[in-house]
Amino acid sequence: MKKLINEVENVVKEQLEGMALAHPELTVKIDPHYITRSDSPVKGKVAIVSGGGSGHEPMHGGFVGKGMLDGACPGEVFTSPTPDQMYECAKAVDSGAGVLFIVKNYTGDVMNFEAAAELAASEGIKVQNILIDDDVAVKDSLYTAGRRGVGTTVLAEKIVGAAAEAGYSLEQCSDLCRKVNQYGRSFGVALTSCTVPAAGKPTFELGEGEVEMGIGIHGEPGTHRMPIKSADEMTQYAAEQIIDDPAYTRTVREWDGEQWADKQLTDEPFKSGDKVIAFVNSMGGTPVSELYAVYRKLDEVCKAKGLTIVRNLVGPYITSLEMQGFSITLLKVDDEMLKFWDAPASTPGFVR
Amino acid sequence: MSMNKAQLVTWLGKLNDVYAEKKEYLTELDAAIGDADHGINMNRGFGKVMEKLPTVEDKDIGTILKTVGMTLMSSVGGASGPLYGTFWMKGGMLLGGKEELTPDDFVKFIEAGVGGILQRGRPELGDKTMYDLWAPALEAMKDEAGNATEVIAVVEAALPVAEKALADTIPLQARKGRASYLGERSIGHQDPGATSSYYMIETLRDVLAG
């Protein structure tokens, strides 16, 4: 393992200390770990907070700033943050208008954010947890923890962050975030494993001629392995998984002000005529030039399916340490979502 | 014979040793079907418990258990943090003021803890999680508690049941947690959470046996 680290147990702490020095516009707290906009709490504004394991940079800490997140809670590498981090962060950013937690559907994240929401609510903070579960690789919701939350998280943080900046209420932000999730779908491919610093060796072994299809963002193996194919073939496969996926119904838990309530949501399959934001993401180790090769084919597949790409995002935004590979996210957009996608944002990892 | 506070503190210290020793093994189990951090997280969590323990070891058992739960909740992360955190906290809430645990008290602690796992994680039997170990182990403890006069008898009754339950997680297909995303590929691997839970029961038996 070759990595730029000092002591394995200090990896996240030292990275945060460096981030604080590099970005005086952010406030970085070390005990417990969380990052906020330095001008928090912004009077009258709903606070948008997200978080997850470290190793997915620039998400989420890199998306803290005007127009996106008010706060982010980084966990250990690939490990969900803990409720005390989220609770302290929520207290620091709440202006009284409430806090929206954007939560990726991974069991640990869900449970820790639920515990945090209970803590915040008991302190009189208005909270809501909205789940992102967009990964079509995980098809059978009956026998998994549901779809994973991956690339759509980035788009949700941009769109809902702008809506909060524009004065949306907590309920309006929650509705919009739920809509983004229902309209967004992703699929990921790994060409290599990554190495979690504390483990010190690759999470899985992948032969020179093999790829993992249907991966998440934690170096976990995907749904299946296959011989590597051309960029066009892999792109077409991933795009078709997304575009041809049928409607998906799931039960999510949202906070009703006093307790958790189950809510059933169904997303809409893509159809000819849809306008989409196309997001081609690097898992960390794949250069942007290769992503453009993927984008080229993605554009062709979208056109063939009757989808119009009206905006795009190409680059490393939700990574998996140094893993080589890519993910594709397509998000059906309407005018409301497009307006907030185009709104200004000023963060270390995303500027508009 | 009741379980006294010194035995509880010894149990926690020994568990810390066990998680330090099994860190790589648990992480390897997790790498097969998850994201390779379970051993690292448990080791970090119990390390923090050891730092906190001196501040509460002269308090009642309920306070000690609650402190363990809070510490695990705020230091383990992942799914294990809230699950183990809730396990110890729920047990602690029942045992306020206690200086020692009768077999009945002990079973109540485990029952409340397992109830906490159910409440937080909503697992079902056969999902390939720590609950697959705790559910039968708790039943065995309850069965024994009626006629047991010593806590060790309760724990010893549960141990072989837990051992079998742990092996029984191997052929299961995961339906909860990160392993569930592997679908059929999760079959054939022992569940890391059930394994770390098994160490709790096994270590307590060793402590109570002296």
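Here is the naming used below: chain letters follow the sequence lines, and residue numbers restart at 1 for every chain. Note that the structure is a prediction, hence the values are computed from the model and not measured. Scope of the values below: all heavy atoms of this structure, side chains included, with no hydrogens, waters or symmetry mates.
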Legend entry - Residue part contacting chain A, namely of B:Ala174, when any heavy atom lies under 4.5 Å: backbone

Legend entry - For the student: nearest non-hydrogen atoms of A:Ala198 and B:Ile40, plus distance: CB-CD1, 3.4 Å

Legend entry - Spatial distance of atom OH (B:Tyr181) from atom CD1 (A:Ile215) [nearest 0.5 Å]: 14.0 Å

Inset, instruction - Ignoring hydrogens and angles, tell me if any N or O in the side chain of B:Ser180 forms a donor-acceptor pair with the backbone of A:Thr144 under 3.5 Å. - result: no

Inset, instruction - Report yes if the side chains of A:Thr79 and B:Arg44 come closer than 4.5 Å at any heavy-atom pair, otherwise no. - result: yes

Legend entry - Most contacts with chain B, counted as non-hydrogen pairs under 4.5 angstrom, among A:Val196, A:Thr203, A:Asp135, A:Thr223: A:Thr223

Inset, instruction - Not counting sequence neighbours, which residues clear side-chain contact (heavy atoms from CB on, under 4.5 Å) with A:Thr152? List them please. - result: A:Ile132, A:Asp134, A:Val180, A:Ser186, A:Thr329

Inset, instruction - Give a yes or no on this: more than 12 heavy atoms of other residues, nucleotides or ligands lie within 6.0 Å of atom NZ of B:Lys108. - result: no

Legend entry - Interface moiety of A:Glu114 toward chain B, non-hydrogen atoms closer than 4.5 Å: both

Inset, instruction - Could you tell me whether the side chain of B:Glu184 reaches within less than 4.5 Å of the side chain of A:His224, counting heavy atoms only? - result: no

Inset, instruction - Go through the atoms of A:Glu205 and report whether side chain, backbone, both or neither lie under 4.5 Å from a heavy atom of chain B. - result: neither

Legend entry - Engaged part of A:Phe204 at the chain B interface, taking heavy atoms whose separation is under 4.5 Å: neither

Inset, instruction - Select, from B:Asn41, B:Ile33, B:Asp30, the one with the greatest count of heavy-atom pairs under 4.5 Å involving chain A. - result: B:Asn41

Inset, instruction - May I ask you to decide if B:Gly78's main-chain N or O and A:Asn112's side chain share a donor-acceptor pair within less than 3.5 Å? - result: yes

Inset, instruction - Decide if atom CD of B:Glu24 counts as having more than 12 heavy atoms of other residues, nucleotides or ligands within a radius under 6.0 Å. - result: no

Inset, instruction - Measure distances from A:Asp84 to the heavy atoms of chain B and classify the residue's part below 4.5 Å as side chain, backbone, both or neither. - result: side chain

Inset, instruction - Identify which of B:Arg120, B:Glu28, B:Lys23 forms the greatest number of heavy-atom pairs closer than 4.5 Å to chain A. - result: B:Arg120

Inset, instruction - Could you give me the CA-CA distance, side-chain angles and deciding distance for A:Asp262 and B:Arg122, then say whether salt bridge (Lys or Arg N to Asp or Glu O under 4.0 Å) is met? - result: CA-CA 13 Å; A:Asp262 284 343; B:Arg122 303 189 182 186; 3.8 Å; yes

Legend entry - Residues, nucleotides or ligands: over 12 heavy atoms within 6.0 Å of B:Met70 CE: no

Legend entry - Whether over 12 other heavy atoms sit under 6.0 Å from B:Lys164 NZ: no

Inset, instruction - Heavy atoms only, distances under 4.5 angstrom: which of B:Ala32, B:Gly121, B:Ala79 has the most pairs with chain A? Name it, please. - result: B:Ala79

Inset, instruction - Assess whether atom NZ of B:Lys52 is packed by more than 12 heavy atoms of other residues, nucleotides or ligands within 6.0 Å. - result: no

Inset, instruction - Write down the atom of B:Ser75, the atom of A:Thr82, and the distance for their closest heavy-atom approach. - result: N-CG2, 4.0 Å

Inset, instruction - Grab the two heavy atoms, one from A:Ala199 and one from B:Ala36, that are nearest each other, plus how far apart they are. - result: CB-O, 4.2 Å

Legend entry - Part of B:Ser186 within contact of chain A (heavy atom distance under 4.5 Å): neither

Inset, instruction - Determine, stepwise, if the pair A:Met111 / B:Leu83 fulfils side-chain contact (heavy atoms from CB on, under 4.5 Å). - result: CA-CA 8 Å; A:Met111 284 195 272; B:Leu83 291 172; 3.7 Å; yes

Inset, instruction - Inspect the surroundings of CD in A:Glu210 and state if more than 12 heavy atoms from other residues, nucleotides or ligands are less than 6.0 Å away. - result: yes

